[in-house]
Colleague: 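What follows is a structure written as structure tokens; I'll ask about it next.
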Amino acid sequence: GQSFEADVCDASFGGTAFVNSTIFVPCINGLFELRVANSSFFSTTLEVTGFKAGPPILTGGVVWSVDDNTGTLYGLSAATGHEAYSFPLGSVEHFTTPAAGDGQVFVAAADKVVSFVLG
């Protein structure tokens, strides 16, 4: 059953990312990081606003999310929210979710798949 709930942002659509008691929530007004303190509540520890965040993934200390409005892939520091990467993708569908593996990030952008090698 449900343990607890709280208002986090204006509206959230799509999946979240969870690692080490931290949840990254994609919202229409940004990406929000929540810290689960125990099994009865969580607190907002970081807000990166100014974009419509798609479902995030986390790899190598970077949270990846696609802005549905601008078609931009953002790589944000999981620790600070600082923008570490930004790549224009062009047109994207709603709920576009990046994938990562072997030092690369992959994103479906309309009629193509785009790959970025991270170094």
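Here the structure is a predicted model, which means the values were calculated and not measured.
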Colleague: State, yes or no, whether a side-chain contact exists between Y85 and L76 at a heavy-atom distance under 4.5 Å.
Modeller: no
Colleague: Quick check: closest heavy atoms across G54 and P26, and the distance to 0.1 Å?
Modeller: O-CB, 3.2 Å
Colleague: So how far is it from W64 CH2 to I57 CD1, rounded to the nearest 0.5 Å?
Modeller: 8.0 Å
Colleague: Go through the structure and list residues passing ring pair (Phe, Tyr, Trp, His ring centres under 6.0 Å) with F32, not counting sequence neighbours.
Modeller: none
Colleague: What's the separation between atom OG1 in T45 and atom CZ in F24, rounded to the nearest 0.5 Å?
Modeller: 7.5 Å
Colleague: Please round to the nearest 0.5 Å and tell me the distance separating atom OG1 of T16 and atom CD1 of I23.
Modeller: 6.5 Å
Colleague: When rounded to the nearest 0.5 angstrom, what is the spacing between OG1 in T22 and CG in L34?
Modeller: 9.0 Å
Colleague: Who are the ring pair (Phe, Tyr, Trp, His ring centres under 6.0 Å) partners of F106, not counting sequence neighbours?
Modeller: none
Colleague: With clusters built from Ile, Leu, Val, Met, Phe, Trp and Tyr whose side-chain heavy atoms come within less than 4.5 Å, directly or transitively, what are the remaining members of the cluster of V117, listed by chain and number?
Modeller: none
Colleague: Can you pull the salt bridge (charged side-chain N to carboxylate O under 4.0 Å, His left out) pairs that have at least one residue in residues 20-38, sequence neighbours excluded?
Modeller: E33-R35
Colleague: Check G71 against V92 and note the closest heavy-atom contact, atom names and distance.
Modeller: CA-CG2, 4.0 Å
Colleague: Test of understanding: with side-chain contact (heavy atoms from CB on, under 4.5 Å), list the residues that count as partners of V107, not counting sequence neighbours.
Modeller: V66, L73, L89, T96, P98, V105
Colleague: I'd like to check the side-chain contact (heavy atoms from CB on, under 4.5 Å) partners of S86; sequence neighbours left out, ordered by chain and number.
Modeller: T72, Y74, E83
Colleague: Looking at CZ of F51 and CG of N69, how far apart are the two atoms once the value is rounded to the nearest 0.5 Å?
Modeller: 10.5 Å
Colleague: Can you list the other members of the hydrophobic cluster that holds I28, where links are side-chain heavy atoms under 4.5 angstrom apart?
Modeller: F13, F95
Colleague: Please enumerate all residues that pass side chain to side chain donor-acceptor pair (under 3.5 Å) together with Q104, with sequence neighbours excluded.
Modeller: S115
Colleague: Which residues satisfy the side chain to side chain donor-acceptor pair (under 3.5 Å) test with S77, sequence neighbours excluded?
Modeller: T80
Colleague: How close do A78 and L58 get, counting heavy atoms only, and between which atoms?
Modeller: CB-CD1, 3.7 Å
Colleague: Can you run down the salt bridge (charged side-chain N to carboxylate O under 4.0 Å, His left out) pairs that involve residues 49-67, sequence neighbours left out, and say none if there aren't any?
Modeller: none
Colleague: Minimum heavy-atom separation for A11 to N29, with atom names?
Modeller: N-OD1, 4.5 Å
